[in-house]
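All of these numbers come straight from a predicted model, not from anything done at the bench.
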Amino acid sequence: MGQQKLYFKKFYKNKGNWLPIIVFIVAILFVLIMNTRVSEDRDFTAMAQDEIKANKEILILNEQTMKDSAKTEKDKADFEASEKINKARVKEQEKMVDLYTDGKWAEAYRIKIHLLKESFGLYTGEMEAPAELKESIYRQIAIYTKLEQLNIKSDQEDMETQGATFLYRTLANFVPVLFVIILCFTLNTIFTDRFRNNLDRDLLLPQKYTRATSERLLFGLLLSITFYVISGVIAYLSASLLSGAGSFSYPIAINIEPNIVTKPVGELLFQTMCLQVLTIVLVVLTLDLVSKLCKRVMPTLFISLLVLISPVLAVGKIEPLNRWAHLLPGTYFNATSISDSYLSMLCDNGNINFENGILVLSIAILVLLLVNYVIDSRRGISLTLNTNQNKSTVNY
């Protein structure tokens, strides 16, 4: 316990350790504020009102066109039929907005689903649209269908503001790269501070070599996981205060070929957090190992960032790597992309999944743990032998 206090004092007194953490938290709050501001123009009612406005403008344009160019009875009949359809659509949209505003979300979603199917010819099977647009429509229908069943308020996809969904998006956008970079900066000085003239001073302490290693790794893990938990709590509570807590049953659309299905955000959060906690352990062990090899601040930081961040950025972008991506621990740093099967589809590798992620990360952690202890033990034994030899020489 005394060693933990010493590590904490060193960490606390180094103001450079706090700057990346503060920047990370400020970034989360900044994104939330921007999402909240944008949501006023992009939420369910705002988008529906934009469509109503556009349809009313089309009605005015049709009336003007009919006056100017309708010369036959058939032309007039066509214009009148189109006008009737547009008026009915505007009426339904206005009713949908009123229902949503009154908190009758399920009824509003029912109308929204009907309008989507009607607009894109899903009732008649005559949908002609690019593949990306089709996917977008099917995703919307899948989400609104589930929201109708749950009867809960909707949130803007990719720009969430509610507690549960904003927490999920924070873990998706911030943790794979930015969080790891900040861990490298904050833990780097702690792990390299013990070296003087290439000598590990922890090995000189009157205790077992394994205990010094355990104390150091334990502090790194406690600090990292505490920072991770606090970041998540801040993201969830701040979003909940501004826009409501939301629901952990909120549906997230997932492509599972050939269908689009939904999964509760709570289930995805559980899988994401499991993988991310394991990646945090892996980052701490990697930093400790690299610090043993480099023994200086800047080389340790540079090599750690290279080793930890490169696979995260490379998987899914370098084609030859995709085939073996399921065997790389760095693949599973993209935890949300694992839980929603996006990375599996991107790499065309079905072995990239949650279960394999747990297995690969666990094996990597055990190997790194063993290597760290073996290196410290060997160096400790070597130091002891040298000390004993020097004593024998002096006595002789």
Side-chain angles (χ1 to χ4, degrees), residues 3-4 6-8 10-11 14 16-17 19-21 24 175-205 209-228 275-315 321 327-335 360-383:
Q3 188 66 28
Q4 298 298 314
L6 180 62
Y7 280 131
F8 180 76
K10 287 182 179 180
F11 174 80
N14 189 343
N17 291 332
L19 182 60
I21 295 174
F24 185 79
V175 173
V177 176
L178 184 58
F179 185 82
V180 173
I181 291 173
I182 288 173
L183 283 188
C184 288
F185 274 94
T186 53
L187 295 178
N188 185 34
T189 53
I190 296 170
F191 286 161
T192 56
D193 186 61
R194 68 187 193 272
F195 291 101
R196 286 292 183 276
N197 298 322
N198 291 330
L199 178 64
D200 188 347
R201 292 181 297 170
D202 282 356
L203 300 177
L204 301 176
L205 297 175
Y209 315 124
T210 54
R211 182 177 176 183
T213 305
S214 300
E215 293 276 6
R216 186 174 60 253
L217 293 176
L218 179 60
F219 177 77
L221 288 172
L222 288 175
L223 181 67
S224 303
I225 291 175
T226 300
F227 175 37
Y228 176 77
L275 290 172
Q276 287 180 345
V277 168
L278 289 177
T279 60
I280 288 171
V281 177
L282 189 69
V283 168
V284 173
L285 293 173
T286 302
L287 279 166
D288 190 54
L289 177 60
V290 175
S291 71
K292 289 181 176 69
L293 301 175
C294 296
K295 302 178 183 179
R296 287 187 304 227
V297 174
M298 292 310 296
T300 298
L301 179 62
F302 176 76
I303 294 174
S304 298
L305 288 172
L306 188 66
V307 170
L308 293 169
I309 300 299
S310 296
V312 181
L313 301 176
V315 171
L321 195 62
L327 301 175
L328 301 175
T331 299
Y332 302 99
F333 282 40
N334 291 299
V360 170
L361 288 172
S362 298
I363 292 172
I365 287 169
L366 289 174
V367 170
L368 283 174
L369 199 61
L370 181 62
V371 170
N372 274 305
Y373 276 107
V374 167
I375 290 175
D376 281 347
S377 297
R378 286 185 175 276
R379 286 181 175 176
I381 293 169
S382 175
L383 184 64

Checklist outcome for this item: The reported gap from CZ in Arg296 to CG in Leu301 (rounded to nearest 0.5 angstrom) is 13.5 Å
Item to check | Phe179 and Phe227 aromatic ring geometry - parallel, tilted or perpendicular at 30°/60° bounds | outcome: parallel
Checklist entry - In Å, rounded to the nearest 0.5 Å, how long is the span from CG of Leu222 to CG of Leu218? => result 4.5 Å
Checklist entry - If you round to the nearest 0.5 Å, how far is CG of Leu183 from OG1 of Thr279? => result 8.5 Å
Item to check | Backbone N/O of Cys184 and side chain of Asn188: donor-acceptor pair under 3.5 Å | outcome: no
Next on the checklist: Within the 4.5 Å heavy-atom criterion, are Tyr373 and Ser214 side-chain neighbours or not?
Outcome noted: yes
Item to check | Derivation of the side-chain contact (heavy atoms from CB on, under 4.5 Å) call for Ile375 and Leu289 | outcome: CA-CA 9 Å; Ile375 290 175; Leu289 177 60; 3.5 Å; yes
Checklist outcome for this item: Here the gap from Leu361 atom CG to Leu366 atom CG, rounded to the nearest 0.5 Å, amounts to 11.0 Å
Next on the checklist: Counting C-beta onward and ignoring hydrogens, is there a side-chain heavy-atom pair between Ser224 and Leu187 closer than 4.5 Å?
Outcome noted: yes
Item to check | From Leu368 atom CG to Asn372 atom CG, the distance as rounded to the nearest 0.5 Å | outcome: 6.5 Å
Checklist entry - What's the verdict on side-chain contact (heavy atoms from CB on, under 4.5 Å) for Phe333 and Leu282, showing C-alpha distance, side-chain angles and the deciding distance? => result CA-CA 10 Å; Phe333 282 40; Leu282 189 69; 3.7 Å; yes
Item to check | Under 3.5 Å donor-acceptor, Ser310 side chain and Val307 backbone | outcome: no
Checklist outcome for this item: Per side chain to side chain contact (heavy atoms under 4.5 Å, CB included), Thr186 is matched among Ile181, Leu287, Ile21, Leu19 by Ile21
